[in-house]
Amino acid sequence: MSKKEAVNILNEIATLLELSGADFFKVRAYNNGARAIESSDITIDQNTTAKELSNIKGIGKAIAQKLEEFLSTGKMKYYEELKASIPSGLMDMLKIPGLGPKKIKYLYEELGITTIRELEFECQENFLIDLPGFGKKTQDNILKGIEVVKRFQGNFLYGEIIGQAENLIGEIKGSKKVIRASLAGSIRRKKETVKDIDIVASSKDHDSLMNFFTTRECVMDVISRGDTKSSIRLESGIAVDIRVVDDDQYPYALHHFTGSKEHNTAMRSIAKKNKIKMNEYGLFKEDKLIRCKDEAHIFSQFGMDYIEPELRENFGEIEAARDKKLPDLVGISDIEGLLHIHTDFSDGSMSASQVVEYMESKDFSYVGFSEHSIAAQYAGGLNNDTVHEYFDALDALQKKHSIKILKGIESDIMPDGSLDFDDGILSLFDFVIISVHTGFNMDEEKMTDRIIKAMDNKYATILAHPTGRILLAREPYKINIIKVIEAAAEKGVFIEINANPFRLDLDWRYCKQAKEAGAKFLINPDAHNLEGLSDYTYGVNTARKGWLEKQDILNTYPVKKLEELLKSRKE
DNA sequence: GCCGTTTTCGGCCCGACTGTTTTCAGTCG
């Protein structure tokens with residue numbers, strides 16, 4: 001039993017309670033409890049007691065006891081009973097935009113609808129039109145919502161969406177009606193997946209700006225249209241929400257709609273303690289507006305430093321801002337070179353010389369190749385012979401170019417924790433990336449031991465994509481990531497932030513903890529084609545969300561210092 | 001269900017839009 005499972009079960013209980021029509025505050029208490037566990041630094045396992053749990057703010061007697069039962073036995077009676085009382089399809093129905101727990105509960109009780117498919121059928125048969133509180137438009141919206149769920153499951157990769165978002169915000173900023181405008185919401189916070197695109201703009205003429213917004217060429221569908229708020233859908237299926245305010249309200253609105261919800265709630269409660277009301281229109285002391293010219297000014301009202309949007313997840317940024325202890329986050333321009341690149345020596349689609357030319361054109365000072373290794377024959381991995389051809393080719397390339405070329409390998413971690421090349425060959429590389437590509441279905445203990453054992457090899461320098469997750473497609477393998485992080489820090493193995501937009505692994509949620517354990521990181525593109533090289537910027541986002549600074553990231557270092565660090569591990 | 005420098009009971013953040021209503025409930029962020 002891990003922290004993650006505890007968090008998941010509390011969130012699931014909250015959802016089930018919502019569907020069962022429970023008191024709103026009870027639902028929120030479970031959501032808050034999940035949040036509290038997630039951000040607490042206590043380790044959670046089968047021996048964690050209710051007493052320890054209830055020390056966490058947000059966990060009371062009732063939740064603590066239920067969790068203790070869950071952790072020690074793997075079961076929770078309360079949850080099992082709740083789950084049994086509610087058809088599982090109702091949970092899926094919550095994903096339909098426009099349909100919430102109240103209506104779902106009503107449809108279930110009145111029409112016996114328990115799955116999205118049934119709901120779709122009933123809509124097509126016009127059964128919803130005459131229900132009290134429903135009607136033709138509601139039914140149409142539900143059908144549209146079902147389409148969205150079926151096609152996109154409601155989530156989008158940041159990397160797939162950011163281009164569309166930037167185009168649209170560019171158009172809006174270009175409108176003469178706009179004074180200030182910005183992306184907001186999760187996309188401004190640079191979360192790895194987003195549900196929609198949020199935009200905040202200020203204008204003297206709301207109506208014209210709304211017309212401008214809802215008639216852009218990229219708009220497929222207008223979902224709602226008001227004077228302060230409108231929603232559209234793009235061809236990709238993602239919804240875009242815009243909020244238009246007067247310019248003196250802009251800083252408050254931008255902060256409010258950037259979120260996160262948890263950050264805002266925490267900010268509001270601080271405001272309340274200072275007898276200040278905080279909402280999207282301003283800060284009010286005894287109903288009098290406190291004028292703020294920008295977001296930094298808002299934070300300063302509470303004695304806080306400016307908090308970068310990436311950090312606004314209520315992961316301690318508010319306390320740090322108050323204590324002047326916010327990190328100086330790593331930036332894209334800090335990156336000096338890139339490692340973890342595959343070429344046509346293994347499964348990449350570009351040649352090493354193309355990569356070198358590209359990297360030189362972008363003024364990077366080093367480039368590190370890392371082909372797949374002997375066990376990864378599915379990916380054209382190098383073997384004991386071709387590895388020497390690879391060295392010769394890179395040596396020849398180095399003679400023609402001034403950018404420093406580092407020779408690496410991505411060596412597979414075998415199920416027993418050994419590496420697939422023997423030490424004699426591994427010792428020849430400038431760096432050895434180790435990673436799991438097979439045998440994903442081990443239990444947590446075995447997988448954790450497997451990876452920790454692999455890190456005992458003194459030639460292993462970088463642990464790649466530590467959890468193996470593929471966003472929106474594959475869960476992380478079962479692993480005690482905290483143990484792995486601590487072992488990496490202790491053994492001096494560097495942790496990769498894999499910057500592929502489908503991976504972004506190590507997850508930012510663990511970066512801060514890893515840093516505190518003493519770990520160092522590399523932001524690696526894991527590129528297989530030339531476009532993939534620029535993915536490193538997504539990795540920088542992840543590092544920033546994980547509170548990392550320039551000195552935490554090895555590929556911000558000059559090449560000499562990086563080489564020393566890579567060598568020191570062998571010695 | 002949680003919490004408490006006024007509280008062990010009575011609060012719990014707040015506002016916009018839609019659609020179905022004739023003043024409001026549900027949903028969303």
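Chain A is the first sequence line, chain B the second, and so forth, proteins listed ahead of strands; every chain is numbered from 1.
Straight-line distance from the CD1 atom of Ile232(A) to the P atom of dC17(B): 16 Å, rounded to whole Å. Atom pair Asp140(A):CG and dG19(B):P shows a separation of 9 Å (rounding to whole Å applied). Look at CZ on Arg225(A): it is 13 Å from C1' on dC17(B), rounded to the nearest Å. Between Tyr281(A) atom OH and dG29(B) atom P there is a gap of 16 Å when expressed in whole angstrom units. Atom pair Arg35(A):CZ and dC2(B):P shows a separation of 18 Å (rounding to whole Å applied). As rounded to whole Å, 7 Å separates atom P of dC2(B) from atom OH of Tyr30(A). Separating the CG atom of Leu67(A) from the C1' atom of dG1(B) is a distance of 13 Å, rounded to the nearest angstrom. Rounded to whole Å, atom C1' of dC14(B) lies 17 Å from atom CD1 of Ile276(A).
Atom P of dT18(B) sits at a distance of 26 Å from the matching atom of dC13(B), rounded to the whole Å. Rounded to the nearest Å, the gap between the P atom of dT23(B) and that of dG29(B) is 29 Å. For the C1' atoms, the distance from dT27(B) to dT20(B) is 14 Å, rounded to whole Å. Nucleotides dT7(B) and dG11(B) have their C1' atoms positioned 10 Å apart, rounded to a whole Å. Taking atom P in both dT8(B) and dG15(B), the straight-line distance is 28 Å, to the nearest Å. dG10(B) and dT22(B): their C1' atoms are spaced 34 Å apart (whole Å).
Side chain of Thr138(A), nearest nucleotide from dG15(B), dT20(B), dA16(B): dT20(B). Closest to the side chain of Arg268(A), out of dG15(B), dC2(B), dC13(B), is dC13(B).
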Quick test: give all pairs of protein nitrogen or oxygen and nucleotides 4-12 of chain B nitrogen or oxygen below 3.5 Å, distance rounded to 0.1 Å.
residue	atom	partner	partner atom	Å
dC12(B)	O3'	Arg28(A)	NH2	3.0

Enumerate all atom pairs, one protein N or O and one N or O from nucleotides 21-28 of chain B, separated by less than 3.5 Å.
residue	atom	partner	partner atom	Å
dT27(B)	OP1	Gly100(A)	N	2.8
dT27(B)	OP1	Gly100(A)	O	2.9
dT27(B)	OP1	Lys103(A)	N	2.9
dT27(B)	OP2	Lys102(A)	N	3.0
dT27(B)	O5'	Gly100(A)	N	3.4
dC28(B)	OP1	Gly98(A)	N	2.6
dC28(B)	OP1	Leu99(A)	N	3.4

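With Trp508(A) as the fixed residue, the ring-ring contact (aromatic ring centres under 6.0 Å, His included) test singles out one of Trp547(A), Phe315(A), Tyr158(A): Phe315(A). Shown are Glu313(A), Glu310(A), Glu192(A); of these, the salt bridge (Lys or Arg N to Asp or Glu O under 4.0 Å) with Lys545(A) is made only by Glu313(A).
OP1 or OP2 of dC17(B) has at least one side-chain nitrogen or oxygen of Thr228(A) nearer than 4.0 Å. Phosphate proximity of dG15(B) to Lys277(A): present, with a side-chain N or O under 4.0 Å from OP1 or OP2. In terms of phosphate contacts, Asn32(A) brings no side-chain nitrogen or oxygen within less than 4.0 Å of OP1 or OP2 of dC2(B).
In this structure, Ala29(A) and Lys136(A) both approach DNA chain B, and ranking their closest nucleotides by distance from the 5' end singles out Ala29(A). Nearest-nucleotide mapping onto DNA chain B: of Ser224(A) and Phe24(A), the residue sitting toward the 5' end is Phe24(A).
In terms of heavy atoms, Lys103(A) sits closest to Gly133(A) at CE-O, 3.7 Å.
With sequence neighbours excluded, the residues forming a side-chain contact (heavy atoms from CB on, under 4.5 Å) with Pro251(A) are Arg180(A), Ile298(A), listed by chain and number. The side-chain contact (heavy atoms from CB on, under 4.5 Å) check on Lys173(A) picks up Ile169(A), Ala181(A), with sequence neighbours excluded.
For the pair Glu69(A) and Lys77(A), the salt-bridge criterion is not met [side-chain N within less than 4.0 Å of a carboxylate O]. Salt-bridge formation is detected for the pair Arg225(A)/Asp207(A): a Lys NZ or Arg NE/NH1/NH2 atom is positioned less than 4.0 Å from an Asp or Glu carboxylate oxygen. A salt bridge links Asp507(A) with Arg469(A): at least one charged nitrogen is closer than 4.0 Å to a carboxylate oxygen.
Side chains of Ser85(A) and Glu81(A): no donor on one and acceptor on the other come within 3.5 Å. For the residue pair His206(A) and Asp246(A), a side-chain donor N or O sits within less than 3.5 Å of a side-chain acceptor on the partner.
More than 12 heavy atoms of other shown residues, nucleotides or ligands fall within 6.0 angstrom of atom NZ in Lys512(A).
Under the Watson-Crick and G-U wobble criteria, each requiring two contacts below 3.5 Å, nucleotide dG10(B) is paired to dC3(B).
A side chain to side chain donor-acceptor pair (under 3.5 Å) check over residues 160-170 of chain A, counting only residues at least two apart or in different chains, returns the pairs Gln164(A)-Ser236(A).
Of the residues in residues 246-266 of chain A, none has a non-hydrogen atom less than 4.0 angstrom from any atom of DNA chain B.
Nucleic acid contact class of Lys105(A) (heavy atoms, under 4.0 Å, all strands): none.
Aromatic rings of His263(A) and His255(A) (six-membered ring for Trp) have centroids within the 6.0 Å cut-off, being under it.
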